[in-house]
Amino acid sequence: MKRCLCFLVVLCVALHVETNATPYPVKLTDNFVLGNPEINSLSSLAFGPEGILFVGDSENAKVVAIDTQDPASSSEVEPFQIEQVDHKIASLLGTTADKILINDMAVNPLSKVIYFGVHMEDGTPVLIKTKGDTFDVVPLEKVSYSQIDLKNAVAVDATDRRGRSLRKWAISDLAYHDGKVMVSGLSNEEFSSTFRSIPFPFSEKQSYASLEIYHAAHGRYETYAPIKTFMPYVLHGKTHLVASYTCTPLVIFPMDEVKPSTHTKGMTVAELGNRNTPLDIISYKKGDKSFILLANTSRALMKIDPTKIEAYEDYLTEPVEENSGTAGVDFIALPYVNVLQMDKVSDSQIVLLQRMANGDLSLHMPNVRRL
């Protein structure tokens, strides 16, 4: 009888522990390791939950997740403006502004600290973050991280028709959404434009689909041009991939149609003008209404009403032959030019990295009520 009672007690304790156990992982960083991820390029940056920074390393064709360990901010961010950003970062690195390149920018949603992916003239990558109204280097030699190599990435020696390396497009943009790291870029497959969905925390599992779009400015369907910038966004009650390509088609892909090992055709909802490259895309709220912002190399900042995308059903399938001509969903050209990078500080606050008329590179928060 005693043995039976002891067995029942042990069984009950075990069941209690099992029933009340916290699902693994307790934190998304539980499987991280401490060390040097050996990042060779800071091509794209994006934040996920728990202050985790995702780094797209095109040269190594991998994604690295870094625990920034930034303490959460307890207050809202007051509008600010930092002038001569490139000169200040260059001075921090012991060089001049013409010898650095800022590839990407991302805001930690917890701490509101802004991170920059910078390359030195010799290609050395340096992760920079704001420190008040100044900047600081984030050492990468000893960080808490996890990483995953991309399968079938475009080859190191692959070139385009002009002989230019395609390896930098192994990762063209990335974002975190709903437990997955989304990555756009080029693969070594026949239809090279690729979109990857990688569960996080990382395991060996990753899936990818090839993409096809109708490029109205070029007057043809294309499968080899990479998405230049994208974001997940809910349209018609379902998550879509809202993506922009060079010259400048705006395309949507329902995420439930972008399935592993499939070839997916996007729906071109706008042609925003050729001889232009999109740089960044974000959404923001103005009151209770949401808008999409698209920054470009050769155009002003574009404001797009997503309800117009939902209402647009024809989709572009015919060429736009006029030079710099537009078609499809309307947009508003805002009085902001030379916007190089954007990100959200909150749903109703955004930050811009903008080259001003006097040549200064300014980091500032515009008043969204005026956008």
Side-chain angles (χ1 to χ4, degrees), residues 43-48 54-58 60-65 104 106 147-155 158 160 166-200 202-215 221-236 238-270 277-283 292 294 309 315-316:
S43 309
S44 301
L45 305 179
F47 270 94
F54 294 100
V55 174
D57 180 354
S58 286
N60 286 328
K62 68 180 182 181
V63 177
V64 182
D104 207 359
Q147 63 183 0
I148 187 169
D149 295 328
L150 301 184
K151 296 178 181 177
N152 300 324
V154 63
D160 64 13
L166 291 173
R167 182 65 169 191
K168 69 176 182 177
W169 300 119
I171 299 173
S172 59
D173 202 4
L174 80 168
Y176 177 90
H177 177 71
D178 195 25
K180 294 181 176 64
V181 180
M182 300 176 169
V183 184
S184 63
L186 294 181
S187 72
N188 62 5
E189 302 292 326
E190 178 183 2
F191 302 123
S192 56
S193 181
T194 301
F195 184 78
R196 303 173 189 270
S197 181
I198 306 173
F200 184 78
F202 295 140
S203 63
E204 292 301 314
K205 186 178 179 181
Q206 61 176 282
S207 62
Y208 59 92
S210 59
L211 305 180
E212 181 174 349
I213 65 164
Y214 182 76
H215 201 313
Y221 287 91
E222 296 182 355
T223 61
Y224 56 85
I227 292 172
K228 290 301 175 68
T229 186
F230 75 86
M231 68 175 183
Y233 194 85
V234 175
L235 300 167
H236 300 294
K238 298 196 310 183
T239 301
H240 285 65
L241 184 68
V242 180
S244 190
Y245 295 70
T246 296
C247 279
T248 312
L250 186 68
V251 186
I252 61 172
F253 300 85
M255 284 304 302
D256 59 5
E257 295 181 12
V258 184
K259 297 178 180 178
S261 303
T262 60
H263 183 68
T264 307
K265 287 188 176 182
M267 295 166 283
T268 304
V269 295
T277 299
L279 296 173
D280 226 339
I281 189 169
I282 61 172
S283 65
I292 294 171
L294 182 67
I309 296 177
Y315 309 123
L316 299 182

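In this text, all values refer to a predicted model and were calculated from it rather than measured experimentally.
Contact of the L241 side chain with the I252 side chain is not registered, since no non-hydrogen atoms from C-beta on lie closer than 4.5 Å. Taking 4.5 Å as the limit, every side-chain heavy atom of M255 sits out of range of all side-chain heavy atoms of S197. Contact of the I198 side chain with the L150 side chain is registered, since non-hydrogen atoms from C-beta on lie closer than 4.5 Å. For the pair I292 and I281, the minimum side-chain heavy-atom distance is below 4.5 Å. A heavy-atom distance below 4.5 Å is not found between the side chains of S193 and T223. At a threshold of 4.5 Å between non-hydrogen side-chain atoms, the residues D149 and V63 do not count as touching. N188 has its side chain out of reach of V154: every pair of non-hydrogen atoms, C-beta onward, lies at least 4.5 Å apart. Using a 4.5 Å heavy-atom threshold, the side chains of L294 and S244 count as touching.
In K151, the NZ atom is crowded: over 12 heavy atoms of neighbouring residues, nucleotides or ligands sit closer than 6.0 Å.
With sequence neighbours left out, E222 forms a salt bridge (charged side-chain N to carboxylate O under 4.0 Å, His left out) with R220. Judged as a side-chain contact (heavy atoms from CB on, under 4.5 Å), and not counting sequence neighbours, the contacts of T194 are S187, R196, Y208. Residues that satisfy the ring pair (Phe, Tyr, Trp, His ring centres under 6.0 Å) test with Y221, not counting sequence neighbours, are Y214. Contacts of D256 classified as salt bridge (charged side-chain N to carboxylate O under 4.0 Å, His left out), with partners at least two apart in sequence or in another chain: K238. Here T246 pairs with K228 under the side chain to side chain donor-acceptor pair (under 3.5 Å) rule; sequence neighbours left out. For T268, there are no side chain to side chain donor-acceptor pair (under 3.5 Å) partners, not counting sequence neighbours. For F195, the ring pair (Phe, Tyr, Trp, His ring centres under 6.0 Å) partners two or more places apart in sequence, or in a different chain, are F230. Among residues two or more places apart in sequence or in another chain, the side chain to side chain donor-acceptor pair (under 3.5 Å) test is passed with H177 by none. The ring pair (Phe, Tyr, Trp, His ring centres under 6.0 Å) search around F191 returns H263, not counting sequence neighbours. Scanning for side chain to side chain donor-acceptor pair (under 3.5 Å) contacts around S58 gives S43, with sequence neighbours left out.
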- Task: Test E189 against S210 for side-chain contact (heavy atoms from CB on, under 4.5 Å), laying out the working first.
- Result: CA-CA 8 Å; E189 302 292 326; S210 59; over 6 Å; no

- Task: Give the C-alpha distance, both sets of side-chain angles, the deciding distance and a yes or no for side-chain contact (heavy atoms from CB on, under 4.5 Å) between V181 and L174.
- Result: CA-CA 7 Å; V181 180; L174 80 168; 4.2 Å; yes

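Pairs engaging residues 176-188 under the salt bridge (charged side-chain N to carboxylate O under 4.0 Å, His left out) rule: none recorded [sequence neighbours left out]. The list of ring-ring contact (aromatic ring centres under 6.0 Å, His included) pairs with a residue in residues 239-260, not counting sequence neighbours, is empty.
Atom OH of Y224 sits about 11.5 Å away from atom CG of L186, to the nearest 0.5 Å. Atoms CD1 and CG, from I171 and D57 in turn, are 6.5 Å apart once rounded to the nearest 0.5 Å. Rounded to the nearest 0.5 angstrom, L235 CG and I309 CD1 are separated by 6.0 Å.
In plain terms, the two heavy atoms of A175 and A46 that are nearest each other are CA-CB, 4.0 Å. Closest of all the heavy-atom pairs between D280 and T229 is CA-OG1, 3.5 Å. For the residue pair P278 and T248, the shortest heavy atom distance occurs at CD-CG2, 3.9 Å. Nearest approach of P249 to I213, heavy atoms of both residues: CG-CD1, 4.1 Å. Across A65 and F200, no two heavy atoms sit closer than the pair CB-CE1, 3.7 Å.
When ring centroids are compared, F47 and F54 stay outside the 6.0 Å threshold.
Not one N or O on the side chain of T262 forms a donor-acceptor pair closer than 3.5 Å with the backbone of T264. Side chain of S172 to main chain of W169: no donor-acceptor pair is present (N/O by atom type, distance under 3.5 Å, no hydrogens or angles).
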